[in-house]
Structure formats: structure tokens, C-alpha cells
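Chain naming here is simple, since letters A, B, ... match the order of the sequence lines and numbering starts at 1 in each. Side-chain atoms are counted along with the backbone in the values below, which use heavy atoms only and exclude waters and symmetry mates.
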Protein chains: 2
Amino acid sequence: MALHKREQFTAAEQEIALIAKALGHPARVAILQLLARRQSCVCGELVTELPLSQSTVSQHLKELKAAGLVQGEVDGPRVCYCIDRAGWDRARLLMAGLLAELPPPAANGCC
Amino acid sequence: MALHKREQFTAAEQEIALIAKALGHPARVAILQLLARRQSCVCGELVTELPLSQSTVSQHLKELKAAGLVQGEVDGPRVCYCIDRAGWDRARLLMAGLLAELPPPAANGCC
DNA sequence: CTTTGCAATCGTTAATCGACGATAAACATA
DNA sequence: TATGTTTATCGTCGATTAACGATTGCAAAG
């Protein structure tokens, strides 16, 4: 009950926050960069690139998937992760939209 | 020790993550939008616009300030908050840089 | 059909977050 | 000086996160 009040904000605000939160950990940023640069793809390779255990990497991948930024395809015994292009574009759109909002300096008195 | 391993990532990854984390809550997104649109400025006004208590809003403002996205000027008994343009530009740069990284579809086999 | 190898999930722990009310601090005004 | 207004900080509590090792689940190889 009402200890977390996320519900009380607009859907747009929640969507931005969801994506930003997924980007809010250096391990996940590093994973996304590895995937975007196609340096690796398979979960096991990511584990060797990162200073984290297999289970922790798997957990981060799950969060990135939940945020729609990454998708994973099973390929035999291994899993190939890639950037989810739709989610990636959406993220770019939302982030650019938010950060573009600033009008030219000081039409107002106070700042 | 070493329960949180943020230290083990690059400075760039940590900087992006820090900013993204600040954007990772709908209340903070809402605050930034209010400030960017100059609809309000003073902390007390923000409180009335948001479904949160004064202390909670103050806490969120503190986090946004720590991420360099917002700055506050004392104006008598009240405090005027505004977007920190330098931090805002930096955020735009970093986010755009990260999200621009994706190369054209599938040069690789797996995805 | 068993073994092997990879990835996901479970269970646990410590740390951090999100929220609040209460209190304190800073300042203007009576 | 006392009072009211505004914001920051403190203390607390429950929820969530980050991390790990251990276990489970599954597909390919033998």
C-alpha cells in the first residue's frame, strides 16, 4: 500500500523512468555497449568480459530484456543476446525528447 | 566489501549510469519536466504539483542535484531550482552517444 | 541414455532506495 | 525577540537491488 508511489505518475514518465533505470547501472551500460558493438553476443562471452559472476550477468540481462532494450535467442545450448532495435529506438526517442525540452536561457526572472 | 562492484567499470560507464539512475524514477522525471517547462521553480510549488510529501520531494531534488542535472539558488526563505544547463547538455551528449552506437542491421550472423 | 556445458533460477545476504513524519535550520516579518 | 514560513535533514520502516554460490533445466555429444 502506497509505499511506492510510481503508479501516481503518467505513463510517459513511467516509461522513461523504466528505461533510464535499466541504464542506471554501469554493468548494464557495459553490456549494452558490448552488444551494440557486436563484440560479443553469447552470454558466456559477456561473463568473461565483465567482472561479474555468471548469475549476476544473467540477472542484468533479464532486466535489460524487461526494459525492452535487449532480446535473446536460444541457439542450441547457448543464448545469443542482441540489441532490441525497436526498444532501442524507443529509448532514443524518449531520452532525446526529454533532454530536448529545455528552452533558451532565462526568459524567467529566477534562473 | 565488494558487494557492490560499481568501481570495476570505466568512468564513462559510471557517469552514464549515474545520470540514468537519476532519471530512473517517475517523480524525478516529472520534476525535471516541470523545471524544464518553467512551470514552477520553487520547491514548495513542486510539492503541490506532485503526489509526494515535502521531504520526499526534497530528497529527489537532492539526488538530481547530485547527478548535476539541477541546481538550486537560495532566495530568501525559499529555494529556486532550475535545470543545470551544463549537466543537462552533458546528459544529452552521453545518452545520445550511447544510443547512437547501434550499427546497421545484422552484419553478423547471429542476430 | 548418460554425461557435459551453458544459462536461468533459487535462496541468501547486505546495501540502497522510497517514502514518511518529526525535527531543525534559515530567514522574513511582526 | 518572537513567530511564521519554507526547506533540509534525521530516523525509521518496508521494499527493492546487487551480488554470489548452488541448484536446476536443457540441448548436444558421446
Side-chain angles (χ1 to χ4, degrees), chain A residues 1-9 13-14 17-31 34-35 40-67 70-82 110, chain B residues 1-9 13-14 17-31 34-35 40-67 70-82 110:
Chain A
M1 53 220 69
L3 195 46
H4 281 150
K5 297 200 153 177
R6 293 198 203 288
E7 324 81 43
Q8 312 211 21
F9 296 92
E13 286 157 358
Q14 292 190 51
L18 186 79
I19 292 173
K21 200 165 151 196
L23 300 176
H25 193 289
R28 292 193 288 268
V29 174
I31 290 173
L34 287 171
L35 294 181
S40 43
C41 194
V42 175
C43 174
E45 289 177 36
L46 294 173
V47 173
T48 65
E49 300 279 353
L50 298 168
L52 296 171
S53 76
Q54 181 266 321
S55 59
T56 303
V57 172
S58 189
Q59 186 62 33
H60 283 308
L61 284 167
K62 186 179 176 182
E63 291 181 52
L64 287 171
K65 213 157 54 171
V70 145
Q71 67 193 69
E73 267 176 51
V74 177
D75 170 25
R78 59 196 81 216
V79 177
C80 165
Y81 283 97
C82 354
C110 88
Chain B
M1 51 210 79
L3 194 46
H4 280 149
K5 297 200 149 179
R6 292 197 201 290
E7 324 80 42
Q8 311 213 22
F9 296 92
E13 287 157 357
Q14 293 190 51
L18 185 77
I19 291 172
K21 200 165 150 198
L23 300 177
H25 192 290
R28 291 193 288 266
V29 173
I31 289 172
L34 287 171
L35 293 181
S40 44
C41 192
V42 175
C43 173
E45 288 175 38
L46 294 172
V47 172
T48 66
E49 301 279 352
L50 298 167
L52 296 171
S53 75
Q54 181 266 321
S55 60
T56 303
V57 172
S58 189
Q59 186 63 31
H60 283 308
L61 284 166
K62 186 179 177 180
E63 291 182 53
L64 288 170
K65 214 158 52 171
V70 144
Q71 67 192 67
E73 267 177 52
V74 177
D75 171 25
R78 60 196 80 216
V79 177
C80 166
Y81 282 97
C82 352
C110 87

- Task: Could you check whether V42(B) gets within reach of a base, just the sugar-phosphate, or nothing at all, counting any heavy atom under 4.0 Å?
- Result: sugar-phosphate

- Note on the structure: Ranking dT7(D), dA8(C), dC6(C) by distance to the side chain of R78(A), first place goes to dC6(C)

- Heavy-atom pair with the smallest gap, counting every atom of A67(B) and A22(B): CB-CB, 3.5 Å

- Item | Listed nucleotide nearest any side-chain atom of C43(B), set dA7(C), dT7(D), dA27(D) | dT7(D)

Sort me out a list of protein N/O and nucleotides 21-23 of chain C N/O pairs below 3.5 Å, or just none if empty.
{"residue": "dG21(C)", "atom": "N7", "partner": "S55(B)", "partner atom": "OG", "Å": "3.3"}
{"residue": "dG21(C)", "atom": "O6", "partner": "S55(B)", "partner atom": "OG", "Å": "3.3"}

- For Y81(A) and dA8(C), is the shortest distance between a side-chain N/O and OP1 or OP2 below 4.0 Å? yes

- Task: State whether K21(A) places a side-chain N or O below 4.0 Å from either non-bridging phosphate oxygen (OP1 or OP2) of dT17(D).
- Result: yes

- At under 4.0 Å between heavy atoms, what does Q59(B) touch on the DNA or RNA strands: base, sugar-phosphate, or nothing? nothing

- For the pair Q14(A) (side chain) and F9(A) (backbone), establish whether a donor and an acceptor sit closer than 3.5 Å, ignoring hydrogens and angles. yes

- Note on the structure: Between E13(A) and A30(B) the two heavy atoms that sit nearest each other are OE2-CB, 3.5 Å

- Query: Should S58(B) be listed as having a side-chain N or O under 4.0 Å from OP1 or OP2 of dA8(D)?
  - Reply: yes

- Task: Please determine, for the side chain of R28(B), which listed nucleotide (dA7(C), dG18(C), dA8(D)) has the closest atom?
- Result: dG18(C)

- Specify the closest pair of heavy atoms between L52(B) and A27(B), including all atoms of both residues, with the distance to one decimal. CD1-CB, 3.6 Å

- Query: E73(A) has an atom CD; how far is it from atom P of dA27(D), in whole Å?
  - Reply: 15 Å

- Note: for V74(A) and G24(A) on DNA chain D, the residue whose nearest nucleotide lies more 5' is G24(A)

- Shortest side-chain distance from P77(B), nucleotide among dA7(C), dC27(C), dA28(D): dC27(C)

- Taking side chain as C-beta onward, heavy atoms only, is L46(A) less than 4.5 Å from H60(A)? no

- Query: Under 4.0 Å between a side-chain N/O of H25(A) and OP1 or OP2 of dA19(D), yes or no?
  - Reply: yes

- Message: Please find the pair of heavy atoms, one from L34(B) and one from L50(B), that lie closest to each other, and give the distance.
- Response: CD1-CD2, 4.4 Å

- State, to 0.1 Å, how close K65(A) and V70(A) come at their nearest heavy-atom pair, and which atoms those are. CG-O, 3.3 Å

- With heavy atoms under 4.0 Å as the rule, sort K65(B) into base, sugar-phosphate or nothing. nothing

